[in-house]
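Structure first, commentary second.
Note on naming: letters A, B, ... go to the chains in the order of the sequence lines (proteins, then strands), and numbering restarts at 1 for each one. Below, all heavy atoms of this structure are taken into account, side chains as well, without hydrogens, waters or symmetry copies. All values derive from a computational prediction rather than experimental measurement.
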Number of protein chains: 2
Amino acid sequence: MNSQSEEDYLKALYHLQTESNSVSTNSIANYLKMKPSSVTDMLKKLAEKNYVNYQKYKGTSLSKKGKLVALQIIRKHRLWETFLVEKLDFGWGQVHLIAEQLEHIKSEELIEKLDVFLGNPKYDPHGDPIPNKKGRIEKMNQKLLVELHQNQKGIITGVKRGTASLLSYLDKENIKLGDSVKVLEVIEFDGTFIVEINKRKLTFSEKICQNLLLETYD
Amino acid sequence: MNSQSEEDYLKALYHLQTESNSVSTNSIANYLKMKPSSVTDMLKKLAEKNYVNYQKYKGTSLSKKGKLVALQIIRKHRLWETFLVEKLDFGWGQVHLIAEQLEHIKSEELIEKLDVFLGNPKYDPHGDPIPNKKGRIEKMNQKLLVELHQNQKGIITGVKRGTASLLSYLDKENIKLGDSVKVLEVIEFDGTFIVEINKRKLTFSEKICQNLLLETYD
DNA sequence: TGGAACTTTTAGACTAAACTAAATCTCTCT
DNA sequence: AGAGAGATTTAGTTTAGTCTAAAAGTTCCA
């Protein structure tokens, strides 16, 4: 079992590591708002447990094992965020801090049942993909609604960052993540889209279309 | 903000304290599976913060302030337990340990929204009352179904401890906490009850009646 | 009423995870 | 090449919460 702190470091590593190159001690310290010396200590400990490849002065990268743990925490984080937004009606600014706490709750079964309860969502409300139990992230094919053309279909996966009010608008219209959308018509003049969702015909302004994320199947 | 450990001690105090008499250091140690010396240390700290009345060698009791904090943790615990059983379909043995973790999540708003989401339940699935936001516990008038007589009514609040399978039976029959029950008839011969729930007529064996908790209004 | 048995507290030590300050390493630029 | 800047590590300290061992207090009964 890993401590909360260890989990935070692994998650930070995951978010900071682009492709296969390694991450500097300073950048981790900066990301986690800690002193570099504290980071060094923890990296040694994580290296000891084979979660990271750490070489003095040379940077750090996640091992396979560490990456899997990181992905499982991210899975929990995103499932809880989905729960908070979808079921408890939270806005966005708020969910991150709470999910940051919830992601450390220890129980395999809890997270599997939560997943089922939420309908096995593939994306969280920000449109970020939710890794599966084994840490696999499905290759996603996400587009903004504005990028679709007539007769294309997609599934609503989220909205762009910082557009909380769009989410509440959707909520008011009874539109949820996972709903199917078909583009019936695009009005060239003002960029308005006429779409069909749940057998209802709806009109979306250009601005909405620029912020609504869909998963498309080509 | 209180630490997880502080919260555990306050909760223990609440559970151990019968009426107004004080609790011994040893009994707390025993309850929390810790050494008495550790308990003494923490009690001093809690006394410093005015959560408890502590006198060397004389026992400890919760202050008004400490009791309120304890009740708020118990509120969280019971709401989460309700969530786990009602929404995530957990059995009983499992929920306590998970709720023990969830009860320490810090967010007023989370717990209020959870309360709303669950329909402001007054009892958790064990039939224990859920304190309100201000720490008030409604005086309860709980009885077992077997104690009711013809034409009496009640609201299902839970089942007795250790009868998880009854909960799943109720679930299968589509009966939920909060449903109204009216006793239509009691068969003297075998103690069977004929009741009405949700406009449906149902027959409950004596054993069921001995384990089903109701809130009655006389 | 005095001492054995039990309870409780004190004193001192340990661990995890943070910190500060100082030492060491690496990199780059002239 | 080497000197300075910046990154990183080391060494030593701190805090919360636990522990063990020993000292001190309380209770109760012969």
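The interatomic distance linking M42(A) (CE) with dT9(D) (P) rounds to 15 Å, in whole Å. If you take CG of L46(B) and P of dA16(D), they are 13 Å apart, rounded to a whole angstrom. The CG-P distance, from N2(A) to dA16(C), rounds to 13 Å in whole Å. K35(A) places its NZ atom 16 Å from the C1' atom of dT13(D), with the value rounded to the nearest Å. What separates CD of Q4(B) from P of dT15(D) is a distance of 22 Å, to the nearest Å. One atom, CE of M1(A), and another, P of dA16(C), lie 16 Å apart when rounded to the nearest Å. The distance between atom CG of D8(B) and atom P of dA16(D), rounded to the nearest whole Å, is 17 Å. Across the protein-nucleic acid pair, L43(A) atom CG and dA18(C) atom P stand 11 Å apart, rounded to whole Å.
At a threshold of 4.0 angstrom between heavy atoms, the contacts of T25(A) are confined to the sugar-phosphate backbone, with no base atom among them. Using a 4.0 Å heavy-atom cutoff across all strands shown, S5(A) reaches sugar-phosphate atoms only and no base atom.
Considering only residues two or more places apart in sequence or on other chains, E100(A) meets the salt bridge (Lys or Arg N to Asp or Glu O under 4.0 Å) condition with K11(A). Not a single salt bridge (Lys or Arg N to Asp or Glu O under 4.0 Å) links K35(B) to another residue, sequence neighbours left out. Qualifying side-chain contact (heavy atoms from CB on, under 4.5 Å) partners for I155(A), counting only residues two or more places apart in sequence or in other chains: S180(A), Y217(A). Judged as a salt bridge (Lys or Arg N to Asp or Glu O under 4.0 Å), and not counting sequence neighbours, the contacts of E173(B) are R200(B).
Pairs of residues two or more places apart, or lying in two chains, never qualify as ring-ring contact (aromatic ring centres under 6.0 Å, His included) while including a residue from residues 99-125 of chain B. Sequence neighbours left out, the pairs with a member in residues 68-80 of chain B that pass side chain to side chain donor-acceptor pair (under 3.5 Å) are R75(B)-E112(B), R75(B)-D115(B), H77(B)-E81(B), H77(B)-H96(B), H77(B)-E103(B). Pairs of residues two or more places apart, or lying in two chains, that qualify as salt bridge (Lys or Arg N to Asp or Glu O under 4.0 Å) and include a residue from residues 48-72 of chain A are E6(A)-K49(A).
Between S24(A) and dA7(D), a side-chain N or O to OP1/OP2 separation shorter than 4.0 Å is absent. Phosphate proximity of dT9(C) to T40(B): present, with a side-chain N or O under 4.0 Å from OP1 or OP2. Residue Y54(A) places at least one side-chain N or O under 4.0 Å from the OP1 or OP2 atom of dT9(D).
Scanning residues 26-33 of chain A for heavy-atom distances under 4.0 Å to DNA chain C yields an empty list.
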- Message: Generate the contact string for nucleotides 22-29 of chain C. Rules: B means base contact, S means sugar-phosphate contact only, - means no protein heavy atom under 4.0 Å.
- Response: --BSS---
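In this structure, Y14(A) has its ring center no closer than 6.0 Å to that of Y9(A).
The base of dT8(D) does not come close enough to the side chain of S37(A) for any donor and acceptor atom to sit less than 3.5 Å apart.
If you check the side chains of S27(B) and S24(B), you find a donor sitting under 3.5 Å from an acceptor.
The nucleotide whose nearest atom lies closest to any side-chain atom of Y9(B) is, among dC19(C), dT18(D), dT20(D), dT18(D).
The pair K122(B)-E215(B) meets the salt-bridge criterion, with a side-chain N (NZ, NE, NH1 or NH2) lying under 4.0 Å from an Asp/Glu carboxylate O.
For the pair S3(A) and D41(B), both in contact range of DNA chain C, the more 5′-proximal nearest nucleotide belongs to D41(B).
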